[in-house]
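In what follows, every chain begins at residue 1, and chains take the letters A, B, ... in the order their sequences are listed.
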2 protein chains.
Amino acid sequence: MVTLAKVAEAAGVGESTVSRVLRNHGSFSRKTRERVMEAVERLGYVPNRIAGTLASAGSRLVALVIPSLTNIVFADVLRGASGILEENQHQAVFSVTDYDPEKEEALVAAMLAWRPTAVMLAGFEHTEGTVKILRASGCRVVELLDLDGTALDLAVGFSDRAAGAASADFLLRRGYRRIGYVGHDPERDTRAAKRFAGFRETLGAAGIPLVDRENHAGASSVENGRSGLERLLARTPDLDAVYFSNDDMALGGYFHCLAHGIPIPARLALFGHNGLDIGRVTPQPLSTIRTPRVATGQVAAELVVADAPSQVVDLGFELIEGATA
Amino acid sequence: MVTLAKVAEAAGVGESTVSRVLRNHGSFSRKTRERVMEAVERLGYVPNRIAGTLASAGSRLVALVIPSLTNIVFADVLRGASGILEENQHQAVFSVTDYDPEKEEALVAAMLAWRPTAVMLAGFEHTEGTVKILRASGCRVVELLDLDGTALDLAVGFSDRAAGAASADFLLRRGYRRIGYVGHDPERDTRAAKRFAGFRETLGAAGIPLVDRENHAGASSVENGRSGLERLLARTPDLDAVYFSNDDMALGGYFHCLAHGIPIPARLALFGHNGLDIGRVTPQPLSTIRTPRVATGQVAAELVVADAPSQVVDLGFELIEGATA
DNA sequence: ATGAAAGCGCTAACAT
DNA sequence: ATGTTAGCGCTTTCAT
């Protein structure tokens with residue numbers, strides 16, 4: 001294995017000189033620089049960041065602990081964050097919790113062992129243990145995609161509760177009165193639960209009850225959305241609108257309606273959440289709320305890279321009228 | 001910051017003893033073990049893996065350098081791999097190349113600086129530089145999702161060329177003769193290009209020409225599939241079947257047909273690639289090929305963890321008849 | 001069963 | 001401008 005010492009020897013200079021040249025920090029002559037670079041090339045030297053980090057602190061590693069990779073939402077956040085991190089010579093390290101707070105704690109502990117610059121997590125719901133080790137670690141913490149709660153340090157995203165409320169408000173303004181809900185596992189996906197809470201609250205304030213709901217125990221998916229709507233309609237056929245826990249679910253509902261010739265939105269209105277691209281190209285564009293997923297990752301990464309002071313950044317969301325509600 | 005030395009002092013034992021207890025390696029008394037664990041708890045000690053790795057070699061880090069996160073294919077591979085890696089106390093570190101070989105080289109170099117156990121890459125197409133540093137690094141290399149080429153070390157996936165051929169074969173057996181193609185950027189997505197090559201080859205062998213094709217310069221997406229099919233049909237209306245570069249594109253084509261009342265498959269047959277879940281729940285299930293994405297990640301991770309000898313693992317694929325062709 | 005000490009490959013003073 | 005040296009926080013002989 002080629003080490004810095006070998007490069008120094010090959011170039012006929014001291015180790016610290018090689019280090020200075022490689023990091024382009026401190027002073028050295030043009031000639032020295034060339035000699036060093038030549039040796040680096042010739043030997044195929046790749047600096048050992050493990051050693052570098054140990055010697056200097058600052059690992060330039062950012063840990064992302066996310067609930068799921070299947071859910072495009074987190075893939076988008078990851079993409080936004082890793083883009084900015086790369087541009088700033090940081091590395092993204094990630095792991096997946098499957099929406100399990102205990103697993104999250106274990107993973108956070110494992111990540112902390114790499115002494116990351118920051119840890120990014122989804123939402124505000126963490127175990128006491130997670131909060132404790134995070135606090136003790138002294139590293140930056142970013143909580144993503146939730147603003148309805150108290151931030152540990154940095155928080156970036158939008159309010160799910162407000163998004164749910166806006167969705168309800170939209171359906172009410174459109175004149176829908178017999179409204180149902182099709183959702184997925186609310187225990188695990190607490191952000192979807194918050195949307196639903198905001199949704200119900202707004203309906204309630206308008207004196208309109210939620211007529212019926214269907215909750216699938218598993219993860220959100222197009223399939224579960226389709227079967228969920230089917231069950232809901234079997235039980236309560238006379239709904240005029242359905243709110244889905246997200247676009248995947250809503251898309252499933254849409255497919256159910258297409259397959260069974262249910263006119264949309266005349267006979268039944270559908271409303272989703274997330275504003276996925278696919279919802280823009282269905283025969284009828286999906287009525288939904290576009291969430292700032294990539295931007296959330298980007299802003300989170302920017303704050304970390306800049307070592308910004310603790311703060312909460314609300315990126316908001318945008319209602320897309322679409323043609324299904 | 002709590003270090004092993006502080007734990008040792010607090011527990012009244014030597015550093016090496018703490019190390020042994022923590023790694024459960026070597027011998028120590030029951031009493032000592034308890035004293036150490038008590039101190040660890042009390043101080044909230046989290047071992048520093050940076051230091052541990054430097055002292056012992058073996059970083060237990062596995063680098064995944066993938067073309068895209070938007071493409072669910074790679075998210076699936078990532079998920080498969082990270083699951084197995086976690087179970088075996090390894091960490092996944094990843095970065096995204098945007099299908100750019102030069103960027104891949106830079107990223108591989110950056111990852112190598114962390115002295116990973118293995119580097120996983122998509123496909124066989126790499127720059128000379130990438131191959132060189134990979135070889136020099138001495139770490140394991142896994143090339144994913146491609147078998148049509150020469151492996152550097154380990155390779156796991158299926159043959160895109162064979163998948164394309166199987167798709168053509170299926171359409172021919174169904175009796176389609178005026179066949180078109182809608183694809184995305186073939187320069188970047190070389191695996192899609194290989195599928196297309198296999199597809200054409202099989203058509204050619206049967207004496208059936210490819211009537212027309214439409215290639216979008218950008219990435220694959222539902223939107224580009226929809227607009228691509230629209231352009232293709234505007235130019236060549238009398239096609240009886242269309243092969244798409246993947247399911248996202250095919251889904252877009254499907255939506256175009258739904259929106260324009262084109263009967264499927266009577267008037268036009270559609271065939272995709274990947275076997276995404278969403279294609280199972282559309283009003284008509286999509287005819288496509290299911291690829292072993294999660295399994296690819298899993299098997300790759302298993303081989304790395306087991307430090308298996310160099311080999312090529314063909315996970316095959318499965319044709320799904322569906323109802324669109 | 002346990003401790004002392006020598007590194008692992010770098011960086012960061014501190015000299016010169 | 002450049003070299004010397006003392007760590008960074010562990011793991012790993014090697015003694016005891």
Side-chain angles (χ1 to χ4, degrees), chain A residues 1-37 39-40 43-61 89 110 112-117 136-139, chain B residues 1-37 39-40 43-61 89 110 112-117 136-139:
Chain A
M1 194 81 283
V2 187
T3 65
L4 188 146
K6 286 192 188 138
V7 174
E9 193 187 3
V13 299
E15 296 189 27
S16 50
T17 301
V18 176
S19 176
R20 279 188 287 255
V21 170
L22 256 27
R23 286 173 305 128
N24 196 29
H25 180 278
S27 51
F28 42 82
S29 70
R30 199 150 221 357
K31 270 191 88 90
T32 304
R33 185 203 154 74
E34 274 158 23
R35 286 240 300 286
V36 170
M37 293 316 278
V40 165
L43 301 178
Y45 171 64
V46 176
N48 184 334
R49 267 200 162 291
I50 304 269
T53 299
L54 183 60
S56 69
S59 72
R60 294 188 155 272
L61 230 36
Q89 291 75 244
L112 251 18
W114 288 99
R115 299 296 185 265
T117 303
S137 76
C139 84
Chain B
M1 194 83 282
V2 187
T3 65
L4 188 146
K6 287 191 187 141
V7 174
E9 194 187 1
V13 300
E15 295 189 27
S16 48
T17 302
V18 176
S19 177
R20 279 182 214 117
V21 170
L22 256 27
R23 285 173 306 124
N24 196 28
H25 181 279
S27 50
F28 42 81
S29 71
R30 198 146 220 0
K31 272 190 86 90
T32 304
R33 187 205 153 72
E34 273 157 26
R35 288 241 299 286
V36 169
M37 293 315 277
V40 165
L43 301 177
Y45 172 65
V46 177
N48 184 335
R49 268 199 161 294
I50 304 271
T53 299
L54 182 59
S56 68
S59 73
R60 295 187 154 272
L61 234 35
Q89 290 74 246
L112 250 19
W114 289 99
R115 299 295 186 265
T117 304
S137 76
C139 83

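The shortest side-chain heavy-atom distance between B/L61 and A/W114 falls under the 4.5 Å cut-off. Taking 4.5 Å as the limit, every side-chain heavy atom of A/F28 sits out of range of all side-chain heavy atoms of A/V36. Side-chain atoms of A/L54 and A/I50, non-hydrogen and from C-beta on, never get closer than 4.5 Å to each other. Counting only heavy atoms from C-beta outward, the side chains of B/R35 and B/V13 approach each other to under 4.5 Å. Contact check for B/T17 versus B/R20: side-chain heavy atoms found under the 4.5 Å cut-off. Contact annotation: the side chain of B/N48 never approaches that of B/T3 to less than 4.5 Å [non-hydrogen atoms, C-beta and beyond].
Residue A/S29 has a polar side-chain atom (N or O) positioned under 4.0 Å from OP1 or OP2 of D/dT2. Within the 4.0 Å cut-off from OP1 or OP2 of C/dA12, at least one side-chain nitrogen or oxygen of A/R23 is found. For B/S56 and D/dC10, the shortest distance from a side-chain N or O to OP1 or OP2 is not below 4.0 Å.
Counting to the nearest Å, the C1' atom of C/dA6 and the CG atom of B/L54 are 13 Å from each other. Between the P atom of C/dA1 and the CD atom of B/E34 lies a distance of 15 Å, rounded to the nearest Å. Taking atom CH2 on A/W114 and atom P on D/dC10, their separation rounds to 13 Å, with Å as the unit. Taking atom CZ of residue B/R115 and atom C1' of nucleotide C/dC10, one finds them 11 Å apart after rounding to whole Å. Rounded to an integer number of Å, the gap from CZ of B/F28 to P of D/dT11 is 13 Å. The separation between B/R33 atom CZ and C/dT2 atom P is 12 Å, rounded to whole Å. To the nearest angstrom, P of D/dT12 lies 13 Å from CG of B/L22.
Across D/dT2, C/dG9, C/dG7, the shortest atom-to-atom separation from the side chain of A/N48 is found for C/dG9. Here the side chain of A/T32 is nearest to one of D/dA1, C/dA1, D/dT12, namely D/dA1. Residue B/S27 places its side chain closer to C/dA1 than to any other of D/dC10, C/dA1, D/dG3.
Residue whose closest nucleotide on DNA chain D sits further toward the 5' end, between B/G52 and B/R20: B/G52. Between B/R30 and B/A55, the residue whose closest nucleotide on DNA chain C is further toward the 5' end is B/R30.
Nucleic acid contact for B/R49: none, since no nucleic acid atom lies under 4.0 Å from a heavy atom of the residue.
Contacts of residues 4-17 of chain A with DNA chain D (heavy atom under 4.0 Å): A/G12, A/V13, A/G14, A/S16, A/T17.
Judged purely by atom type and a 3.5 angstrom limit, A/S19 has no side-chain atom pairing as donor or acceptor with the backbone of A/E15.
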